[in-house]
Amino acid sequence: MNQSLPEVVMPSCPVNKLLEGQKALVTGANSGIGRAVAIGLGHAGADVVVNYVANPEAADAVCQEIERCGSKALAIQADVSNETQVQAMFKLMMETFGTIDVLVNNAGIQRDAPFDELTLKQWQQVIAVNLTGQFLCAREAIREFKRRGVNKAVSCAAGKIICMSSVHEIVPWAGHVNYAASKGGVMLMMKSIAQEVAPYRIRVNSIGPGAIRTPINRPAWETPEAYEKLMELVPYKRIGEPEDIARATVWLASDEADYINGTTLFIDGGMTLYPGFTENG
Ligand code: BGC
């Protein structure tokens with residue numbers, strides 16, 4: 001039941017095109033949450049840049065699924081923590097799609113260790129991808145949003161950024177100090193950017209996933225024993241699927257969510273309700 005990765009490919013193409021005519025870029029879009037989000041945005045009518053670092057075949061498969069439903073897709077390899085590569089990716093996107101309306105800052109990694117064994121390299125890798133990577137991509141997107149302004153034909157906002165954060169932007173996580181620190185950083189980076197660019201009609205928000213069935217946390221769900229233990233942390237008593245995140249991302253990027261700015265939407269089956277207090281405290 002719980003032991004395999006989900007198939008994201010959907011049998012039919014949705015008719016509700018909430019993001020018709022918009023151009024989106026999703027980082028880390030060839031697996032896990034990023035993959036589902038890229039496909040979701042594509043199915044909602046956006047043309048999508050599918051960013052990846054390794055495994056181009058997986059990125060191509062995401063592009064094919066997006067194109068199957070009538071949107072354009074372009075796979076671009078770039079390490080989000082590398083300024084030159086990020087700028088080259090945005091340049092190629094501008095040349096191909098003309099502009100950007102939606103950035104989903106999704107790429108993220110974990111390099112876990114007990115704190116006294118955490119190496120400087122593990123610390124720096126996680127901060128580089130999860131926090132610096134989101135900064136570099138957000139900066140390029142904001143530059144284009146400010147340059148272009150609102151294009152009423154596609155959206156009432158001049159641009160939307162969605163940062164993929166985590167419940168661990170507020171929930172401390174022993175053994176994952178670098179990861180929790182990076183997500184705590186994403187929270188105030190997101191809010192500070194949102195405060196600064198709101199007058200330009202640019203919306204910046206985060207999504208805070210809980211336990212979602214992806215490769216990053218495979219050990220937490222792949223055996224029945226691990227799954228049962230994980231459920232102690234999830235009042236709703238099911239693991240999240242990447243599509244749970246994709247559906248919310250489409251909505252948050254759309255004009256349906258136009259008055260939402262500078263906030264984190266937790267999608268976690270209640271993980272942030274501190275279930276340990278249900279019969280305690
Ligand atoms: C982490 C997962 C973890 C989840 C809930 C996510 O941000 O990447 O590994 O299962 O938070 O703890």
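When a ligand or atom number is given, it counts from 1 through the structure's own listing order. When reading the values below, keep in mind they use all heavy atoms of this one structure, side chains included, and skip hydrogens, waters and symmetry mates.
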Original post:
Under 3.5 Å, is there a donor-acceptor pair between the side chain of Asp47 and the main chain of Gly21?
Top reply: no
**OP:** Tell me, with the steps shown, if Glu225 and Lys229 meet salt bridge (charged side-chain N to carboxylate O under 4.0 Å, His left out).
**Re:** CA-CA 6 Å; Glu225 297 73 37; Lys229 187 135 182 47; over 6 Å; no
**OP:** Provide the number and element of each atom of ligand 1 under 4.0 Å from a heavy atom of Gln110.
**Re:** 1 (C), 2 (C), 8 (O), 9 (O)
**OP:** May I ask you to check whether Tyr179 has an N/O atom sitting below 3.5 Å from an N/O atom of ligand 1?
**Re:** yes
Original post:
Any side-chain heavy atom of Arg68 sitting closer than 4.5 Å to one from Cys13?
Top reply: yes
**OP:** Can you sort out which atoms of ligand 1 are near Ser166, meaning under 4.0 Å from one of its heavy atoms?
**Re:** 6 (C), 7 (O), 11 (O)
Original post:
Which ligand 1 atoms, with their elements, are less than 4.0 angstrom from a heavy-atom of Gly210?
Top reply: 4 (C), 5 (C), 11 (O)
**OP:** Among all protein heavy atoms, pick the one closest to atom 10 (O) of ligand 1 and tell me residue, atom and distance.
**Re:** Asn217 ND2, 3.3 Å
Subject >> Protein heavy atom at shortest distance from atom 3 (C) of ligand 1 >> reply: Trp173 CH2, 3.8 Å
Subject >> Main-chain N/O of Val171 paired to His168 side chain as donor or acceptor, under 3.5 Å >> reply: yes
**OP:** Give a yes/no verdict on whether any heavy atom in His176 is under 4.0 Å from an atom of ligand 1.
**Re:** no
Original post:
Are the charged groups of Arg148 and Asp101 less than 4.0 angstrom apart, N to O?
Top reply: yes
Subject >> Val48-Leu92 co-clustered via ILVMFWY side chain contacts under 4.5 Å >> reply: no
Original post:
Of all the heavy atoms in Ala220, does at least one lie under 4.0 Å from an atom in ligand 1?
Top reply: no
Original post:
How does Lys183 reach ligand 1, if at all, at less than 4.0 Å between non-hydrogen atoms: by side chain, backbone, both, or neither?
Top reply: neither
**OP:** Look only at interatomic distance and state if Ser165 has a nitrogen or oxygen under 3.5 Å from any nitrogen or oxygen of ligand 1.
**Re:** no
**OP:** Identify, for atom 11 (O) of ligand 1, the protein heavy atom at the shortest distance, and state residue, atom and that distance.
**Re:** His168 CD2, 3.3 Å
Original post:
Could Glu83 and Arg139 be called an ion pair, given the rule that one side-chain N must be under 4.0 Å from one carboxylate O?
Top reply: yes
Subject >> Asp255/Arg203 ion pair, N-O < 4.0 Å >> reply: no
Original post:
Ile216 heavy atoms, cut-off 4.0 Å: which ligand 1 atoms fall inside?
Top reply: 8 (O)
